[in-house]
Amino acid sequence: MTWLVTGGAGYIGAHVVAALRADGAGVVVLDDLSTGLKERVPDGVDLIVGSVLDRTVLDAAIADHRVTGVIHLAGKKRVEESVARPLHYFHENVEGLRVLLTAIAEHGVGSLVFSSSAAVYGMPDVDRVTERTPCAPLSPYGLTKLIGEQLVAATAAAHPFGHVSLRYFNVAGAAGPALADRGAANLIPMVFERLSAGLPPRVFGDDYPTPDGTCVRDYIHVADLADAHVAAARRLAADPATALVVNAGRGVGVSVREIIAAVGEVVGDPGLRGVVEARRPGDPPRSVASADLIRAELGWSARLDVRAMVESAWAGWRR
Ligand code: WQD
């Protein structure tokens, strides 16, 4: 198969490209380089610089490279920005997907893997979130992902193609320093940013109903997440009628304080603690996946732990 990876020059996308290539698949990348970096695209992989909103570019990419499947990671992913600019998020994430689905249907592309998010669940009041937990996104970002999943399923019902939506939990780490996350928009890079400025990490609230009072998340190594895409790609190649929505997490809850302690160990400051600040609006106290369905359906489960995430992220940060 030949996979078109949209957003393949991004942090997660570049890991997906590397994992697909290691699995022997053909890959072509479409990325508008708004946040992606062309240095992340390996030699031997064609990079088409353009947007999924551009039908002309999509048609040429699919036809010229005989694309048989699409892995769609291109999109906007900052929750706060989505609150300030909801229509921009709808344009990029929903309209971008609509244009892509039109091309998929017209070219008869047989498979789609869609990047969804744990943000579809909103404030889940359960120990582990299963795919049956009701979806109630709190942000325009989460809403675009939920609508995206539904748009994929509705389109596939009318113009058959196989599809897997992966609901990413909290992605961290890097497969190598060159592939590391360059933005400091999530907890681990934000801790590094504070340490680099000579400041203590910030803890957004320590009065949550959790064991140590700080928020609990399901952190997943980006290399493991990339392998989940390969597992989805293999499943779609074997069974073109696949229609799945699955959590992509480890099923392990880790608190903000535990992450800060892990960073302290890795950077040689074992007593590292944060300064407590106000809660960040909209943060769920706990968001941890049930990873049972993805294991059963795709035969995938995560291998790497928080230590591996923090060490690899730190190596990339210091590069
Ligand atoms: C994790 C925890 C913070 C920074 C979001 C989206 C999700 C996905 C990943 C895109 C929270 C706390 C953070 C800091 C802190 N996005 N924190 N001090 O909010 O769980 O998930 O990003 O695909 O959809 O919702 O991730 O890394 O921002 O925060 O205490 O300096 O760390 O309050 O509890 P979040 P995060």
Side-chain angles (χ1 to χ4, degrees), residues 7 10-13 15-16 35 72-83 89 92-93 114-124 129 135-146 148-149 165-173 181 183-197 199-222 225 228 247-250 252-264 272-289 306 309-310 313 317:
Y11 162 56
I12 300 173
H15 284 88
V16 170
T35 53
H72 180 46
L73 296 105
K76 309 300 285 178
K77 65 171 186 180
R78 291 182 179 238
V79 172
E80 275 181 39
E81 184 184 47
S82 81
V83 175
Y89 270 64
E92 295 285 324
N93 291 4
F114 174 63
S115 292
S116 187
S117 169
V120 299
Y121 295 113
M123 195 76 72
V129 180
C135 291
L138 289 171
S139 65
Y141 166 72
L143 186 55
T144 65
K145 290 297 176 182
L146 184 57
E149 291 179 1
S165 290
L166 297 173
R167 291 178 172 166
Y168 305 166
F169 280 68
N170 288 64
V171 188
D181 191 3
N186 294 109
L187 174 60
I188 293 171
M190 284 168 79
V191 172
F192 295 157
E193 190 172 56
R194 294 278 293 183
L195 296 179
S196 300
L199 297 166
R202 298 188 295 170
V203 176
F204 297 146
D206 70 347
D207 57 351
Y208 284 98
T210 59
D212 68 16
T214 68
C215 288
V216 171
R217 297 287 180 272
D218 188 335
Y219 295 89
I220 173 172
H221 197 297
V222 67
L225 182 64
N247 290 340
R250 284 193 306 145
V252 178
V254 180
S255 74
V256 173
R257 284 211 187 285
E258 287 170 330
I259 290 287
I260 291 172
V263 172
L272 183 67
R273 290 179 66 80
V275 284
V276 177
E277 298 193 358
R279 289 185 178 194
R280 202 173 60 174
D283 266 340
R286 179 180 171 88
S287 166
V288 179
V306 162
M309 295 178 217
V310 173
W317 182 266

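Atoms within a ligand are numbered from 1 in the order they appear, just like the ligands themselves.
Surrounding CZ of Arg279 are more than 12 heavy atoms belonging to other residues, nucleotides or ligands, all under 6.0 Å away.
The residue Tyr168 has no part lying near ligand 1, judged by heavy-atom distances below 4.0 Å. Only the side chain of Asn170 comes within contact range of ligand 1, with a heavy atom under 4.0 Å; no backbone atom does. With a heavy-atom cut-off of 4.0 Å, Asn186 touches ligand 1 through backbone and side chain alike.
Between Pro284 and Pro124, some side-chain heavy-atom pair lies under the 4.5 Å cut-off. Between Ser287 and Tyr121, every side-chain heavy-atom pair lies at or beyond the 4.5 Å cut-off. Taking the side chain as every heavy atom from C-beta outward, Arg257 and Val203 approach each other to under 4.5 Å. Between Pro285 and Val216 there is no side-chain heavy-atom pair separated by less than 4.5 Å.
When only interatomic distances are considered, the shortest N/O to N/O separation between Val203 and ligand 1 does not fall below 3.5 Å.
For Tyr141, the heavy-atom gap to ligand 1 drops under 4.0 angstrom. Remark: distances from the non-hydrogen atoms of Tyr219 to ligand 1 include one below 4.0 Å. Ser117 counts as a contact of ligand 1, since one of its heavy atoms falls under 4.0 Å from the ligand.
For the residue pair Ser116/Glu149, the side-chain donor-acceptor check at 3.5 Å is satisfied. A donor atom on one side chain and an acceptor atom on the other are not found under 3.5 Å apart for Tyr11 and Asn186.
Each of the atoms 14 (C), 15 (C), 18 (N), 30 (O), 31 (O) of ligand 1 lies under 4.0 Å from some heavy atom of Arg202. Here is the list of ligand 1 atoms found below 4.0 Å of a heavy atom in Arg217: 11 (C), 20 (O), 34 (O), 35 (P). In the vicinity of Met190, heavy-atom distances shorter than 4.0 Å reach the ligand 1 atoms 4 (C), 31 (O). Residue contact check: Lys77 has heavy atoms under 4.0 Å from atoms 10 (C), 16 (N) of ligand 1.
Of the possible donor and acceptor atoms, one in the side chain of Arg250 sits under 3.5 Å from a partner among the backbone N and O of Tyr219. The backbone N or O of Val129 sits less than 3.5 Å from a side-chain atom of Asn247, completing a donor-acceptor pair. Judged purely by atom type and a 3.5 angstrom limit, Tyr89 uses its side chain to pair as donor or acceptor with the backbone of Arg78. Proximity of a side-chain donor or acceptor of Arg167 to a complementary backbone N or O of Ala118 within less than 3.5 Å is not detected.
There is a protein heavy atom less than 4.0 angstrom from atom 10 (C) of ligand 1.
With respect to atom 6 (C) of ligand 1, the closest heavy atom belonging to the protein is Val79 CG2, 3.6 Å. Here the heavy atom of the protein found nearest to atom 33 (O) of ligand 1 is Asp283 OD2, 2.5 Å. Regarding atom 27 (O) of ligand 1, its nearest protein heavy-atom neighbour is Leu187 N, 2.8 Å. Of the protein's heavy atoms, Arg280 NH2, 3.5 Å lies nearest to atom 29 (O) of ligand 1. The protein non-hydrogen atom at the shortest distance from atom 34 (O) of ligand 1 is Cys215 CB, 3.0 Å. The protein non-hydrogen atom at the shortest distance from atom 30 (O) of ligand 1 is Phe204 N, 2.9 Å. The shortest contact between atom 12 (C) of ligand 1 and any protein heavy atom is with Val256 CG2, 3.7 Å.
The residues Arg202 and Glu277 are annotated as salt-bridged, a charged nitrogen and a carboxylate oxygen being separated by less than 4.0 angstrom.
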